[in-house]
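Heads up, the thing below is written out as structure tokens.
Proteins get letters first, then strands, A, B, ... in listed order; numbering begins at 1 in each. These numbers come from the heavy atoms of this one structure, side chains and all, not from hydrogens, waters or symmetry mates.
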Amino acid sequence: MSLKIHNTLTRKKELFVPLDPSHVRLYACGPTVYDHAHIGNARPVVVFDVLARLLRRLYPRVTYVRNITDIDDKINERARERGVSIAEVTEEPTRIYRQDMLAIGALPPDQEPRATEFIAQMIAMTERLIEKGHAYEAEGHVLFNVPSMADYGGLSRRNRKDLIDGARVEVAPYKRDPADFVMWKPSDDDTPGWDSPWGYGRPGWHIECSAMSREYLGETFDIHAGGLDLIFPHHENEIAQSRCCFGTDIMAKYWMHNGYVTVEGEKMSKSLGNFYTVHDLLEEWPGEVIRYALLAGHYRAPLDYSKQGLSEAKSALDRLYQALRNTDELESEPVVSDAVLAALSDDLNTPLAISRLHEMASTLNKSPNAATKSNLIGSAELLGLLGDDPEDWFKRGSSDGDLDDAGIEALIVARATARQTKDFAEADRIRDELLTAGIALEDGSGATTWKRAR
RNA sequence: GGCCCGGUGGCAGAGUGGCUAUGCAGAGGACUGCAAAUCCUUGUACGUCGGUUCGAUUCCGGCCCGGGCCUCCA
């Protein structure tokens, strides 16, 4: 099965041909850790987790690198406010981030480098760029000289003139060219920094990804992924640094970018206070629901994240799990269906893939068979879904009352007795009592099963 | 101003030059003591104006509307 992906470099869907089929290399930009990850941070994590799962299925060896940015001026600001080190600022958000991403079904990447661990490599690259005439030192800064790269701007399709015309910020006086960007900047005594050939300072934003991808994936690699908003300037500048430093024609062969997430129809913003953090959402929803809602739309399209969307994701997952629960007795080994593989292989069409899962669930409900069940489980696994035991899926969560499982079972037995004696008033009373406590009953052909209803 | 995306039925959301998306919600039915779950049936679509075509929601162009980026941002 051939994989096609949309390449931002060409703005076209292309056949994926790895640089080295025996080892596919993928890099995704991770978060800056100064706060809990919001749902917008989670989207690329989930989307490219599916990509990594797919690549692992298609190729013998995959290295997936997802970095953590733990040095940045927002972090510095937090540290200053609290009077603590940046390590102390980033420790907790990093821990929570890892925990939350795991909770929404994202497998840990093969490498999860943190920027502060690669300062030496960043300095080395910066020195080399100066030697090659692509960067220069000015007033304690090191800047990348954009005019030194003939084809700068290829990813974002921007030329130097556009950049200067569109500039909203005043050009720093020490820049040789208005489009030049910072690779290293000086730190004062209150700001974290490292010793460098240009004095005490800290790296610019873009150089970290150039250095870390080089470290783990080499000078060129297959896929570089991230959010749409990173195309410019972040990825454009990474490309400039890496290519000029290593003298390559490409940095990554394919660039993939996910669309924005809005919340309840509005752009997330701190001032409106309308951003959802994954951590908060997990208080209210299973991680899988959060994941499903992120995969319900195509990754390149904008996605509106809403409570209603989460609720629909929950209903949809209930349906899928119900099909598994209904066929509990069937043995099944996970097998990926061709239809799902084809959907995902077409530029990660997760909505289509999910619709295939629903079709399998329908088939299963209509005519239970082990093959379809195997397909459903195996295909869902490729999407990072349906990993729960169906019974656990329906029974977990908290009920309003103080009923435990044994108490519920006891009431079900009492109701069964009432039903046997045709005392339906009593039977319905017990059912209503349970429903009030958040427990819904289902009288199957054999026994009565129950589930927690939100 | 420059660059780039979209506009599909009540909602979400795929896709295709002529044939059912899928899910949720709605209506009717089957099953059930009644429900639930499940199954069956079912209504409402492709922004607008032109063009290409035997035929366009699908290709091309104009227009309208919405969104993103233009050095904080997934």
Side-chain angles (χ1 to χ4, degrees), chain A residues 8 11 28-32 37-48 69 72-74 77 146 153 156-159 161-169 171-172 178-182 204-206 225-234 236-237 257-262 267-270 292-293 296-298 300-304 306 308-309 311-320 322-323 325-326 343 346 349-359 361-362 364-368 394 419 422-425 427-428 431-432 435 440-445 448-451 453:
Chain A
T8 307
R11 314 280 150 118
C29 285
T32 302
H38 56 65
I39 196 65
N41 299 116
R43 188 177 196 191
V45 172
V46 167
V47 163
F48 299 119
T69 299
D72 149 283
D73 283 351
K74 268 179 300 228
E77 202 179 313
V146 167
S156 58
R157 306 208 167 174
R158 250 167 255 256
N159 59 42
K161 187 178 172 304
D162 294 339
L163 292 181
I164 297 163
D165 289 352
R168 296 185 300 198
V169 213
V171 176
D180 291 353
F181 59 89
V182 173
W205 177 29
H206 320 298
L228 192 67
D229 51 330
L230 295 181
I231 294 174
F232 188 88
H234 187 51
E236 195 69 80
N237 291 347
H257 293 94
N258 63 274
Y260 250 105
V261 177
T262 55
K267 182 175 173 168
M268 277 188 287
S269 100
K270 300 259 170 180
Y292 186 104
H298 186 88
R300 281 192 287 121
L303 178 76
D304 186 44
S306 63
Q308 193 197 324
S311 173
E312 284 180 13
K314 172 70 164 59
S315 302
L317 280 167
D318 280 348
R319 180 179 148 77
L320 296 176
Q322 184 73 45
R325 194 190 208 190
N326 289 346
D346 185 10
N349 193 337
T350 55
L352 186 60
I354 286 174
S355 81
R356 301 301 183 211
L357 299 185
H358 281 283
E359 285 168 1
S362 290
L364 208 51
N365 284 329
K366 273 180 258 188
S367 52
F394 287 111
R419 290 179 73 208
K422 305 272 191 219
D423 185 358
F424 295 120
D428 290 350
R431 187 170 62 194
D432 288 347
L435 195 60
L441 297 188
E442 293 170 11
D443 295 331
S445 53
T448 295
T449 56
W450 61 272
K451 65 182 182 188

A/Lys451 bridged to A/Glu442 by N-O distance under 4.0 Å: yes
With C1' as the reference atom in both, quote the distance from B/A25 to B/U42 in angstrom, rounded to an integer. 14 Å
When rounded to the nearest 0.5 angstrom, what distance separates OG1 in A/Thr8 from CZ in A/Arg157? 9.5 Å
d(CG, A/Leu303; P, B/G6) in whole Å: 16 Å
With sugar-phosphate meaning primed atoms plus P, OP1 and OP2, does A/Gly309 contact a base, only sugar-phosphate, or nothing at under 4.0 Å between heavy atoms? nothing
Using a heavy-atom cut-off of 4.0 Å across all strands, would you classify A/Ser156 as base, sugar-phosphate, or nothing? sugar-phosphate
Over all atoms of both residues, closest heavy-atom pair of A/Cys29 and A/Leu230: CB-CD1, 3.6 Å
Taking atom P in both B/A14 and B/G33, compute the distance separating them and give it to the nearest angstrom. 43 Å
Length of the CD-P vector between A/Glu236 and B/C72, whole Å: 16 Å
Hits for salt bridge (charged side-chain N to carboxylate O under 4.0 Å, His left out) against A/Asp229, two or more places apart or cross-chain, chain-then-number order -> none
Between CZ of A/Arg325 and P of B/U38 the distance, given in whole Å, is 11 Å
A/Arg158 has its side chain closest, among B/C69, B/A14, B/C72, to B/C69
Are any of the side-chain nitrogens in A/Glu77 or A/Lys74 under 4.0 Å away from the carboxylate oxygens of its partner? no
How far does the C1' atom of B/G43 sit from the matching atom of B/G10, given to the nearest Å? 11 Å
List the steps and the verdict of side chain to side chain contact (heavy atoms under 4.5 Å, CB included) for A/Phe394 and A/Thr449. CA-CA 10 Å; A/Phe394 287 111; A/Thr449 56; over 6 Å; no
Report the nucleotide, chosen from B/C73, B/A74, B/G13, that has the shortest atom-to-atom distance to any side-chain atom of A/Trp205. B/C73
Does the Lys NZ or Arg CZ of A/Arg419 fall within the cation-pi geometry relative to A/Phe424 - under 6.0 Å from the ring centre and within 45° of the axis? no
Within the structure shown, what part of the strands sits under 4.0 Å from A/Val182 by heavy-atom distance: base, sugar-phosphate, or nothing? nothing
Over how many whole Å does the gap from A/Tyr260 atom OH to B/G66 atom C1' extend? 17 Å
Spacing of A/Leu352 atom CG relative to B/G13 atom P, expressed in whole Å: 15 Å
N/O (side chain, A/Asn41) to phosphate O (OP1/OP2, B/A74) under 4.0 Å: yes
Nearest-nucleotide comparison on RNA chain B, the residue closer to the 5′ end among A/Leu230 and A/Arg11: A/Arg11
Smallest separation among heavy atoms of A/Pro351 and A/His298, with atom names: CG-N, 3.4 Å
Counting the atoms with a prime plus P, OP1 and OP2 as sugar-phosphate, which does A/His257 contact under 4.0 Å by heavy atoms, base, sugar-phosphate, or nothing? nothing
Determine the interplanar angle of the A/His234 and A/Trp205 rings, folded into 0 to 90°, and report it as parallel if under 30°, tilted if 30 to 60°, perpendicular if over 60°. parallel
Of all the choices, B/C3, B/U38, B/A14, which nucleotide is nearest to the side chain of A/Pro351 once you look at every atom? B/A14
N-O pairing of A/Asp318 and A/Lys314 below 4.0 Å: yes
Taking the same atom, P, in B/C60 and in B/U53, what whole-Å distance lies between them? 16 Å
Each nucleotide of nucleotides 31-36 of chain B classed B (base within 4.0 Å of a protein heavy atom), S (only sugar-phosphate) or -, in 5' to 3' order, makes --BBBB
Does a side-chain N or O of A/Lys314 approach OP1 or OP2 of B/C24 to a distance below 4.0 Å, or not? no
B/U48 versus B/G66 - spacing of their C1' atoms, nearest Å: 14 Å
Nearest listed nucleotide, side chain of A/His38, among B/A21, B/A74, B/G23: B/A74
Separation between the C1' atoms of B/C72 and B/U52, rounded to whole Å: 48 Å
Let's go through A/Leu228 and A/Asn258 carefully: what are the C-alpha distance in whole Å and the side-chain angles of both, what is the deciding distance for side chain to side chain contact (heavy atoms under 4.5 Å, CB included) to 0.1 Å, and is it a yes or a no? CA-CA 5 Å; A/Leu228 192 67; A/Asn258 63 274; over 6 Å; no
If I take atom CZ in residue A/Arg300 and atom P in nucleotide B/C69, what distance separates them, rounded to the nearest angstrom? 18 Å
Quantified in whole Å, what is the C1' atom distance between nucleotide B/U22 and nucleotide B/G17? 23 Å
Sticking with atom P, work out how far B/A45 lies from B/C64, rounded to a whole angstrom. 27 Å
Between A/Asn41 and A/Pro31 (side chain of the first, backbone of the second, donor and acceptor by atom type, cut-off under 3.5 Å), is there such a pair? no
5′-ward residue of the pair A/His358/A/Cys29 relative to RNA chain B: A/His358
For A/Lys74 and B/A74, give me the distance from atom NZ to atom C1', rounded to whole Å. 11 Å
Write down the distance between CG (A/Asn349) and C1' (B/G13), rounded to a whole number of angstrom. 10 Å
Per A/Pro44 side chain, nearest of listed nucleotides B/G68, B/C39, B/A74: B/A74
Checking B/C24, B/A74, B/C4 against the side chain of A/Glu312 (C-beta onward), the nearest is B/C24
Base-pairing string, 5' to 3', of RNA chain B - Watson-Crick or wobble, under 3.5 Å, | interstrand: (((((((..(((.....[...))).(((((.......)))))....(((((..]....))))))))))))....
